[in-house]
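Nothing fancy with the numbering, it's 1 onward along the sequence.
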Amino acid sequence: MLTVLHRLILPTEGLEQCDAMYARPALPERVAETSPQAFRLKAGQAFTFDTFYNAFSVKKWKQAGGVSRLSLNLHIYGQGEITLFHRSNAGVVTSLWSKEIEGEIRCTEAISAWPALSEGLLYFSVTAKAECTVEAAYFATSSPMVQVPQLGVVITHFNRQQYVRNSIQRVQKALLQDPAYQDVIHFIVIDNSANLDPAEVPGGKVIKNHNYGGSGGFARGLLYLHEQGTFTHCLFMDDDISCEVEAIRRCYAMLAYSVDRRIGLAGTLLDDQKPWSVQEKGAEFSGGVFRPLHEGADVRPVENLLKLEQDVGKPVYGGWWFFAFRLDAVSAYPFPFFVRGDDALFGLMNRFNIVTVNGIACFSEHFLSKESAFTRYLGMRASLAIYLMVGQGRTLPTLKMMGLAFLWCALSCRYQSAQAILLAFEDVSKGSNFWRQNLDFMPLAKRIQKEASYSKDPAYFQAVPFCYEGKPETRMRKYIRLLSLNGHLLPQWCLRKMPAYVGEYTRGLLGLTFRHRHIVYRKYESRDIFEAELNKLRFFSLLGAFIKTSLVFVLRGSAIRRSYRKNLPMLTSKAFWEKVYRVQPENDSGH
């Protein structure tokens, strides 16, 4: 009996698309009346599938450990030729076999070279001599599964009913009606807004839940899976499920054939504005800093696909937009961060072996386009808390981490964000009890002032010269800028009345905003802008408060660190979340 590992796909309607991620030199003509993935070639046409979604990763499937035999399975009719290739990491392309197409063929072609391969990509090309139609093509194995997963897909939802309804319906049509998956993949929607009608989520179970953020929602999902006693694996996903359904199938297959009990399968996050651009493919955390791996990589060139499958850095966690693992590997539940940082600490605590695979991916707005005073508060308090709990948590590196983040915002007149970082520092310095007493983030959110952003017409950005690249500075100008705290110590007559127009994440930002009274910021990859005014009183008030908080931390740092490390096991325990929710079966609703 064959198990499908990796089937050829074409773009799903409604998802962000980039042709070069599926086929080369362009997308073939679909044959909609037969199958969503069927395509037709006219005489003389040729297509190659050495692409992000359709090339088969030798290294990652070899590392899984359970696939001893591999075949390419085809259903094609017409007249032409199909050739299977292997591309090594060194770029050497080898033809493994070629097959003539005459009439209709349904075949399983064993890949005899599989046992000797250890890296690179497998892919095929189709050339049509006359009109030719490919109905199906997929890599499969006759090896038995290491384990037959019962996979619970946990989706945390909050006030995005239309997204989750559309996504579940799309997945239900493509996946849950497939006999191969309908009894082994189950969708559990944790409804943190308690306003989702279960009847509108066919094939999914809806659990209404008090809103303790993503941390609480995913913890509630874990509790449910553990209570049922029938699930073996879990997949955390965002509520818009903006991914190819094939990514879920491939995830299931990877889990089924992995011999590693501690596997943590992390989906690649792509930028929905530039679908070929990687935001994160695994991530690391060190020195209180989250670092996405392979950031900015372009997945279109085949050479980059080989680089993307290489180990870079030390990945220790995967984002919860798409993260799968074995339930019996979970010893620690999510920390009550509400949002931000919960996925990082979950990975660190459970010591997952992080795996990423080309073709298992989803899309999202870019991280930077979503940044605000709110997210800076959440991100900085998570970074600091994790550094204290599982990092070295030393005093001087802590002050440097918080100080640089605070000054970058304050010196560039983004005082709301500087205040948010100060509040994060103050809150984390209260010790571990702060988290138990503030499971609900919403009361805390009222303290944080938002940057008032608004959208502008595209013509605005053509008429106004925004700067997205820092300018060279003389040594004298740089010294004056530093000594004057980026203009906050200069007399009013030294400041320019003309606004500075800059991208919020422009390199050399402080140099571009120096001596400007008024600054217009453009949000990353958007048409939104917000404005800032140099305010000396506000700056020095915030600076004084930050210095005071820093002194308190210097005096109490050791005690704060001990408090976190002592209480970390309790705050990440199953018992903690059971007490929070006091789980009762009658509180659940759904299908």
H226/Y333 under side-chain hydrogen bond (donor to acceptor under 3.5 Å, both in side chains): CA gap, chis, key distance, verdict:
CA-CA 12 Å; H226 276 131; Y333 266 54; 2.6 Å; yes

Under a 4.0 Å threshold between the charged nitrogen and the carboxylate oxygen, would [Y] count as salt-bridged to [X]?
X: E531; Y: R517; result: no
X: K523; Y: E504; result: yes
X: K60; Y: E309; result: yes

Closer than 3.5 angstrom, by distance alone: can the side chain of [X] be matched with the main-chain N or O of [Y] as a donor-acceptor pair?
X: W321; Y: S364; result: no
X: S573; Y: F576; result: yes
X: Q392; Y: G287; result: no
X: Y581; Y: G216; result: yes
X: K208; Y: L196; result: yes

Let's go through V154 and L235 carefully: what are the C-alpha distance in whole Å and the side-chain angles of both, what is the deciding distance for side-chain contact (heavy atoms from CB on, under 4.5 Å) to 0.1 Å, and is it a yes or a no?
CA-CA 6 Å; V154 175; L235 169 60; over 6 Å; no

F52 vs W276, test: ring-ring contact (aromatic ring centres under 6.0 Å, His included). Steps then yes/no.
CA-CA 9 Å; F52 179 75; W276 61 87; over 10 Å; no

Taking the ring centre of each residue, are [X] and [Y] less than 6.0 Å apart?
X: F325; Y: F346; answer: yes
X: F236; Y: F323; answer: no
X: F285; Y: Y317; answer: no

Calculate, to the nearest 0.5 Å, the distance between atoms [atom1] and [atom2] belonging to [X] and [Y] respectively.
X: F335; Y: L348; atom1: CZ; atom2: CG; answer: 13.0 Å
X: F425; Y: Y377; atom1: CZ; atom2: OH; answer: 13.5 Å
X: M254; Y: H233; atom1: CE; atom2: NE2; answer: 12.0 Å
X: K370; Y: E365; atom1: NZ; atom2: CD; answer: 6.0 Å
X: L269; Y: C243; atom1: CG; atom2: SG; answer: 11.5 Å
X: K574; Y: L222; atom1: NZ; atom2: CG; answer: 9.5 Å

Counting C-beta onward and ignoring hydrogens, is there a side-chain heavy-atom pair between [X] and [Y] closer than 4.5 Å?
X: I188; Y: I155; answer: no
X: S412; Y: L512; answer: no
X: I386; Y: F290; answer: yes
X: I207; Y: V189; answer: no
X: I190; Y: N192; answer: yes
X: F338; Y: R381; answer: yes
X: C409; Y: Y415; answer: no
X: V520; Y: V502; answer: no

Should M402 and M380 be marked as a side-chain contact (heavy atoms from CB on, under 4.5 Å) after you check the CA-CA gap, both sets of side-chain angles, and the distance that decides it?
CA-CA 8 Å; M402 300 303 293; M380 290 307 299; 3.5 Å; yes

Ignoring hydrogens and angles, state whether a donor on the side chain of [X] or [Y] is under 3.5 Å from an acceptor on the partner side chain.
X: D440; Y: N211; value: no
X: D298; Y: N304; value: no
X: Y212; Y: W577; value: no
X: D342; Y: S215; value: yes
X: S455; Y: R527; value: no
X: R556; Y: S429; value: no
X: S369; Y: S526; value: no
X: D191; Y: S193; value: yes

Residues at least two apart in sequence or cross-chain that pass side chain to side chain donor-acceptor pair (under 3.5 Å) with T513, listed by chain then number, are N486

Can you list the residues that meet the side chain to side chain donor-acceptor pair (under 3.5 Å) rule with Q147, with sequence neighbours excluded?
R326

One pair to check against side-chain hydrogen bond (donor to acceptor under 3.5 Å, both in side chains): E280 and H294. What are the steps and the verdict?
CA-CA 6 Å; E280 179 175 304; H294 296 287; over 6 Å; no

If you apply the rule salt bridge (Lys or Arg N to Asp or Glu O under 4.0 Å), what do you find for K274 with E525, and how did you get there?
CA-CA 10 Å; K274 297 183 290 187; E525 283 189 359; 3.5 Å; yes

Residue of the set F337, Y224, W320 for which ring pair (Phe, Tyr, Trp, His ring centres under 6.0 Å) holds with F218:
W320

Closest non-hydrogen atom pair between [X] and [Y], with its separation:
X: N350; Y: A329; value: OD1-O, 3.8 Å
X: R447; Y: L423; value: NH1-CD2, 3.8 Å
X: M349; Y: S331; value: O-OG, 4.3 Å
X: L270; Y: P275; value: CD1-O, 3.5 Å

Between Y505 and W408, what is the ring plane arrangement, given parallel below 30°, perpendicular above 60°, and tilted in between?
tilted

Under 30°, 30 to 60°, or over 60°: which ring-plane class applies to F441 and F374, parallel, tilted or perpendicular?
perpendicular

Verify side-chain contact (heavy atoms from CB on, under 4.5 Å) between L509 and Y521, making sure each step is shown before the conclusion.
CA-CA 10 Å; L509 179 65; Y521 284 102; 3.8 Å; yes

Given V278, which partner from the list T356, D271, V299, L293 fulfils the side chain to side chain contact (heavy atoms under 4.5 Å, CB included) test?
V299

Applying salt bridge (Lys or Arg N to Asp or Glu O under 4.0 Å), run through E473 and R481 and close with a yes or a no.
CA-CA 10 Å; E473 284 187 287; R481 182 166 60 78; 2.9 Å; yes

Whether R522 engages the ring of Y501 as a cation-pi pair (distance to the six-membered ring centre under 6.0 angstrom, angle to the ring normal within 45°) should be assessed.
no

Stepwise, does the side-chain contact (heavy atoms from CB on, under 4.5 Å) test hold for Q437 with K430?
CA-CA 11 Å; Q437 296 164 1; K430 293 172 184 175; over 6 Å; no

Pairing residues for F231 by the ring-ring contact (aromatic ring centres under 6.0 Å, His included) criterion, not counting sequence neighbours:
H186

